[in-house]
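What follows is a set of notes on a single structure, which appears directly below.
Letters A, B, ... are given to chains in the order of the sequence lines, protein chains preceding strands, and every chain is numbered from 1.
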Number of protein chains: 2
Amino acid sequence: MPGTETTRPLSSSIGDYLKAIWTIAGTGSASTKEVSGHLSVAPASVTNMLGRLQEMGLVRYERYRGASLTGRGREEALRLVRRHRLIESFLLGHLGYSWQEVHDEAERLEHAVSDEFTERLAELLGHPAHDPHGDPIPAADGTLEPDDSLPLGEAGVGGRVRISKVSDESTPVLDYLGERGLVPGRLLTVREVRSLDGVVTVEDEGGETHALGEPLARAVFVREEAAG
Amino acid sequence: MPGTETTRPLSSSIGDYLKAIWTIAGTGSASTKEVSGHLSVAPASVTNMLGRLQEMGLVRYERYRGASLTGRGREEALRLVRRHRLIESFLLGHLGYSWQEVHDEAERLEHAVSDEFTERLAELLGHPAHDPHGDPIPAADGTLEPDDSLPLGEAGVGGRVRISKVSDESTPVLDYLGERGLVPGRLLTVREVRSLDGVVTVEDEGGETHALGEPLARAVFVREEAAG
DNA sequence: ACAAAAATTTAGGTCTAGCTAATAATGAGT
DNA sequence: ACTCATTATTAGCTAGACCTAAATTTTTGT
Ligand SMILES: [Mn+2]
Ligand SMILES: [Mn+2]
Ligand SMILES: [Mn+2]
Ligand SMILES: [Mn+2]
């Protein structure tokens, strides 16, 4: 009876690799170096793991060419992303975590909770569509809302924009933005985008002006707002 | 500068061994066989792990004589037990898990949550003193309420007793007891304790009579109730 | 077209946590 | 005191997931 092999749960390392590839490349392909940097794991270790993931049918991998997710790999990555984002929402909404603290805890818990737990948690939270950073939460069936938001630096000068999400990659960046109220939902007017150094100047609803250097500006994503 | 070695977190295997020894032997000593049975790990593997735990200063271990927890070992075991029981309470009270389902989920989550998470969860739950099975929850400082309850089989015939806890070791046992309402808080009258086969017969508040064989009777713990 | 730089892979480890099979110690019963 | 069943330990292996150093491939800049 082929196809009946009992598929025991994937390790948390494997899950993190799949998530990393998904984050870096989405449907495209991620290089050894990129994955290595993302996970803080030596390049040699990444090479080795990509080989294993390929054996398992989770990625397509070509030596020296990088790896891309197969259907199964992507499915698993999105399952984890769903868990991660629901857990973040819970930590923030029910346990009083600060906006900045949630990520690390979710990074561990995502591997320990069951599907049962995840769906009951989603229920408790009222099936939110976005996590606290503004990232969309994949549906239980693996569907993910297409993301039409753009980096702040690409917004048109003079336009009114609403922050749709903030990158959760760097804690210091998150801290800085959080302290100044530059969080999802906030309405901004773009005053200047200086191509010379990438500094973007915005004005918030309170009339406060913020000059954001490239690394900060790249962490803020917005949607154009109907002129008001 | 001695004593400054950064102590990285203990693995979940290590935690489960410490908990097992604590459960089996409390302050006394647990044999290789007992630990092996408790964790479903081969005896040879247990021997090996007990050696490592000894190296780490978590147990005292004498070849062929079994192992007992050191102060640090006991501390770590209780930290996990606290987490486990708080998580069980949460799953039952907030996520709608059934009384029987909670154990396995808690067994994994206990290793993934931080101290931060644990204490915030305790707060959310209102610092409960007991978990859903009636087991006392160790305090954050490592204190544990002494347990004065006795197995149902040792209660005096004719006496009124209240169920204080139910062993969470076996799911079928838990199912059986749960279905019949034999849960913590329930008031019972002991009708017969037959030493011949260990069967204990009790009558519940609704007048229902239950004859419990030894394995079931050993899973039910009670406290004598002031005669009423 | 080619040399140097950058990225990647291979080779050869380590550590954890398990396993089986073989051997040895312990302790109960005669 | 001895024998044998039980319990435990040792020896030798495996797999996962990492590492460093050395070799190789790819890419880039001239
Ligand atoms: Mn993770
Ligand atoms: Mn997030
Ligand atoms: Mn556990
Ligand atoms: Mn319990």
What is the distance, to the nearest angstrom, from the CD1 atom on A:I14 to the C1' atom on D:dA17? 10 Å

What does A:S40 touch in the nucleic acid at a heavy-atom separation under 4.0 angstrom: a base, only the sugar-phosphate, or nothing? sugar-phosphate

Check whether any side-chain nitrogen or oxygen of A:R65 sits under 4.0 Å from OP1 or OP2 of C:dA7, and answer yes or no. no

Can you tell me the distance, in whole Å, between the NZ atom of B:K33 and the C1' atom of D:dT6? 8 Å

From CG of A:L50 across to P of C:dT9 the rounded distance in Å is 7 Å

Could you please spell out the steps behind the salt bridge (Lys or Arg N to Asp or Glu O under 4.0 Å) verdict for A:D115 and A:R79? CA-CA 9 Å; A:D115 281 341; A:R79 241 169 49 95; 2.8 Å; yes

Under 6.0 Å between ring centres, would you say that holds for A:Y61 and A:Y17? no

Separation of atom OH in B:Y64 from atom C1' in C:dT23, rounded to whole Å: 9 Å

If you compare every side-chain N and O of A:S11 against the phosphate oxygens of D:dA17 (OP1, OP2), does one of them come in below 4.0 Å? yes

Of all the nucleotides listed (D:dC18, C:dC19, C:dT9), which has the minimum atom distance to the side chain of A:P43? C:dT9

Winner on side-chain proximity to A:R52, out of C:dT8, D:dG16, D:dA8, is D:dG16

Checking all strands, does B:T32 fall into the base, sugar-phosphate, or nothing category for heavy-atom contacts under 4.0 angstrom? sugar-phosphate

Using a 4.0 Å heavy-atom cut-off across all strands, classify A:V46 as base, sugar-phosphate, or nothing. nothing

Single hit among B:L80, B:L58, B:T23, B:V81 for side-chain contact (heavy atoms from CB on, under 4.5 Å) with B:L18: B:L58

Are any of A:Y61's side-chain N or O atoms less than 4.0 Å away from OP1 or OP2 of C:dT9? yes

Touch check for A:S45, heavy atoms < 4.0 angstrom, all strands: base, sugar-phosphate only, or nothing? base

Separation of D:dA21 atom P from A:N48 atom CG, nearest Å, is 18 Å

The answer to which of A:A44 and A:S12 contacts DNA chain D further toward the 5' end, by nearest nucleotide, is A:S12

Presence of A:Y17 side-chain N/O under 4.0 Å of D:dC18 phosphate oxygens OP1/OP2: yes

Check against salt bridge (Lys or Arg N to Asp or Glu O under 4.0 Å), A:R120 and B:E101: CA-CA 13 Å; A:R120 285 181 187 268; B:E101 290 171 319; 3.8 Å; yes

Working to the nearest 0.5 angstrom, can you tell me the gap between B:L216 CG and B:L182 CG? 9.0 Å

Here the distance between atom P of C:dC15 and atom CG of B:L10, to the nearest Å, is 18 Å

Starting at atom CE of B:M49, determine the distance to atom P of C:dC19, rounded to an integer number of angstrom. 11 Å

A:R63 CZ - D:dA23 P separation (whole Å): 17 Å

Looking at B:S31, does any N or O in its side chain come under 4.0 Å of the phosphate oxygens OP1/OP2 on D:dA8? yes

Would you tell me if any nitrogen or oxygen in the side chain of B:S13 comes within less than 4.0 Å of OP1 or OP2 on C:dG18? yes

With ring centroids as reference points, do B:H84 and B:H103 lie under 6.0 angstrom apart? yes

